[in-house]
Protein chains: 2
Amino acid sequence: MIQAKAQPLLEYINRFVTLTHEEETIVLSSVKYRKYLKGQYIVQQGDVCKYSSFILSGCTKTFYVDDKGQEHIIMFAIEDWWTSDIGSFITQSSADYNVQCLEETETIQFSYYGQEELLKKVPKLERLFRMMLERAFVASQKRIVRNFSLTAKEQYLHFKEQYPEIEQRIPQYMIASYLGITKEFLSKIKSELASE
Amino acid sequence: MIQAKAQPLLEYINRFVTLTHEEETIVLSSVKYRKYLKGQYIVQQGDVCKYSSFILSGCTKTFYVDDKGQEHIIMFAIEDWWTSDIGSFITQSSADYNVQCLEETETIQFSYYGQEELLKKVPKLERLFRMMLERAFVASQKRIVRNFSLTAKEQYLHFKEQYPEIEQRIPQYMIASYLGITKEFLSKIKSELASE
DNA sequence: AAATAATGTTAAACTAGATTAACTTTTATT
DNA sequence: AATAAAAGTTAATCTAGTTTAACATTATTT
């Protein structure tokens with residue numbers, strides 16, 4: 001039953017490493033399919049992040065609530081992306097972030113121990129995760145650089161250009177939070193851009 | 001000859017994966033020792049980053065020069081840390097960042113092709129790199145969150161607490177650049193802290 | 001020991017973006 | 001269709017951090 005659902009995951013994996021049919025079977029036997037409703041949490045700040053989730057459909061936001069009660073969106077994730085609180089997942093300690101579904105969201109999930117077992121059986125996947133993390137780390141560093149070197153307007157234009165699909169699907173006030181600005185200021189930026 | 005120098009690298013690796021004596025020999029045969037003088041560049045913006053460098057002694061800064069000619073420090077690295085422009089290294093395309101030595105710096109270097117070969121011979125090291133990247137990515141995400149949720153003063157205090165050794169060794173204006181503030185404002189923060 | 005370069009400080013004027021608050025538009029619920 | 005809730009806008013006031021510029025201190029070189 002999971003075979004049918006998990007096709008996009010296998011395709012994703014095969015972009016990095018080539019799996020035999022047997023290895024694909026092992027992968028599928030160590031993951032679970034799970035569907036969340038809009039508004040549900042995949043991870044909650046304070047809990048241990050038990051799963052690393054590959055998104056089949058839908059959309060999530062990862063956010064942090066600071067001491068002053070302010071919400072800061074760290075990332076969005078859509079089809080073919082992964083989401084989790086990696087820090088919590090790899091150490092199995094309590095999560096710093098929340099991952100919440102912004103739409104009905106279908107996932108394929110790797111549990112921490114399931115993934116460890118899987119890596120023993122198919123060590124080739126270490127390479128997959130290594131490569132995924134390289135990309136994630138590079139993207140994260142670039143975001144830091146943009147924060148320091150671009151104005152809010154430039155960052156917004158970059159976001160629109162880099163993630164047009166996400167920009168369409170998500171309320172503006174969440175994009176403002178992702179960019180680290182207020183919704184009022186984003187609104188001002190948009191009206192400036194409109195009159196240019 | 002490299003055996004004597006490379007001891008800290010082997011110790012570092014063994015914190016993540018256990019290598020046989022044979023595997024250690026393979027590792028050593030695929031790396032090079034190189035010493036840089038203060039001021040020399042390990043990587044230059046625009047060049048292809050040929051090496052991933054493990055630091056035996058010394059200190060480096062990784063920085064980006066933006067369109068307006070402004071320098072933004074992305075990271076420092078000292079003994080037992082790795083440095084490179086990963087984005088450039090993994091794709092062997094031109095680097096976005098510079099890595100410059102702030103002191104005389106001794107390194108052990110993995111070339112791109114050397115590392116690929118090494119990973120074929122000792123696939124166990126995929127796990128090492130995967131784990132290193134997990135940590136690097138988590139740290140990078142946390143830095144983004146701090147940028148968004150802390151004031152400049154709070155970020156400076158966090159830096160001092162997290163990297164006391166680095167804070168001692170490096171001019172204040174570079175710390176200001178790392179924190180994304182001006183040296184004048186850091187100076188003000190310090191005088192406020194002093195009079196508290 | 002002087003001279004120069006590098007680093008750090010202080011303070012006044014300025015600006016990007018935050019805050020507050022009132023209002024409009026869109027979307028979902030009954 | 002009416003109501004409520006969620007999302008977005010506008011504008012005035014405010015503030016954290018920047019800019020500019022002059023000066024002070026500490027290293028480095030001759």
Side-chain angles (χ1 to χ4, degrees), chain A residues 37-40 59 61 63 65-73 76 100-104 143-144 146-160 166-196, chain B residues 37-40 59 61 63 66-73 76 100-104 143-160 166-196:
Chain A
L37 299 177
K38 181 173 175 173
Q40 280 193 306
C59 179
K61 66 170 176 180
F63 64 100
V65 179
D66 71 20
D67 304 338
K68 297 133 209 155
Q70 260 235 288
E71 182 175 316
H72 303 277
I73 295 183
F76 297 110
Q100 188 181 19
C101 299
L102 301 175
E103 301 172 2
E104 184 176 292
R143 187 164 165 212
I144 291 173
R146 285 195 303 273
N147 277 164
F148 285 155
S149 57
L150 301 184
T151 62
K153 189 192 272 184
E154 288 166 335
Q155 287 186 62
Y156 172 62
L157 289 172
H158 177 272
F159 180 83
K160 268 181 63 163
I166 295 181
E167 212 250 334
Q168 296 312 312
R169 268 158 107 155
I170 280 171
Q172 294 292 332
Y173 73 91
M174 290 189 192
I175 293 171
S177 171
Y178 177 84
L179 296 175
I181 60 177
T182 57
K183 60 191 198 313
E184 291 85 358
F185 193 57
L186 179 53
S187 193
K188 192 175 177 185
I189 288 170
K190 284 183 62 189
S191 83
E192 272 174 38
L193 288 170
S195 72
E196 261 168 25
Chain B
L37 298 176
K38 181 173 175 172
Q40 280 193 307
C59 179
K61 67 170 175 181
F63 64 101
D66 71 21
D67 305 338
K68 298 133 209 156
Q70 259 234 291
E71 181 175 318
H72 303 275
I73 296 183
F76 297 110
Q100 189 182 19
C101 298
L102 302 176
E103 301 171 3
E104 183 176 293
R143 187 163 164 213
I144 292 173
V145 170
R146 284 195 303 272
N147 277 163
F148 286 155
S149 57
L150 301 185
T151 62
K153 188 191 274 184
E154 288 166 334
Q155 287 186 63
Y156 172 61
L157 289 171
H158 176 272
F159 181 83
K160 268 180 62 164
I166 295 181
E167 212 251 333
Q168 297 311 312
R169 268 158 106 156
I170 280 171
Q172 294 294 329
Y173 73 90
M174 290 190 192
I175 293 170
S177 171
Y178 176 83
L179 296 176
I181 61 178
T182 58
K183 62 189 194 317
E184 291 84 357
F185 193 57
L186 179 53
S187 194
K188 192 175 176 185
I189 287 169
K190 283 183 62 190
S191 82
E192 273 174 38
L193 288 170
S195 71
E196 263 168 21

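Note that this is a predicted model, so its numbers are computed, not measured. A, B, ... follow the sequence lines: proteins, then strands. Residue 1 opens every chain.
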Looking at C:dG8, C:dT19, D:dT18, which one has an atom nearest to any side-chain atom of A:E184?
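Looking only at heavy atoms from C-beta outward on A:E184, the closest nucleotide is C:dT19.
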
When you get a sec, tell me which of C:dT7, C:dT10, C:dG17 is the closest nucleotide to the side chain of B:S187?
C:dT10

So is A:R143 actually on top of A:Y178's ring, under 6.0 Å and inside 45° of the axis?
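A:R143 over A:Y178 ring: yes.
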
A:H72 and B:V145, any side-chain heavy atoms less than 4.5 Å apart:
no

Can you measure [X] atom [atom1] to [N] atom [atom2] for me and round it to whole angstrom units?
X      : N      : atom1 : atom2 : value
A:N147 : C:dA16 : CG    : P     : 18 Å
B:D66  : D:dT18 : CG    : C1'   : 14 Å
A:K183 : D:dT10 : NZ    : C1'   : 12 Å
A:Q155 : C:dA16 : CD    : C1'   : 12 Å
B:E167 : C:dG8  : CD    : P     : 10 Å
B:F185 : C:dT10 : CZ    : P     : 14 Å
B:I175 : C:dT7  : CD1   : C1'   : 12 Å
B:I189 : C:dG8  : CD1   : P     : 14 Å

If I take atom CZ from residue B:F76 and atom CE from residue B:M174, how far apart are they, to the nearest 0.5 angstrom?
7.0 Å

For B:K38 and B:I181, find the nucleotide of DNA chain D closest to each by heavy atoms; which residue's nucleotide sits nearer the 5' end?
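The residue whose closest nucleotide sits nearer the 5' end is B:I181.
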
With salt bridge (Lys or Arg N to Asp or Glu O under 4.0 Å) as the test, pick out the partner of A:E103 among A:K61, A:R169, A:K38.
A:R169

Examine D:dG8: is either OP1 or OP2 under 4.0 Å from a nitrogen or oxygen in the side chain of A:Y173? Give yes or no.
no

Tell me whether the OP1 or OP2 atom of D:dT18 has a side-chain N or O from B:T182 closer than 4.0 Å.
yes

Comparing B:M174 and B:S191 on DNA chain C - which has the more 5′ nearest nucleotide
B:M174

B:Q100 side chain to B:G39 main-chain N or O, any donor-acceptor pair under 3.5 Å?
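Looks like yes, one N/O pair under 3.5 Å.
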
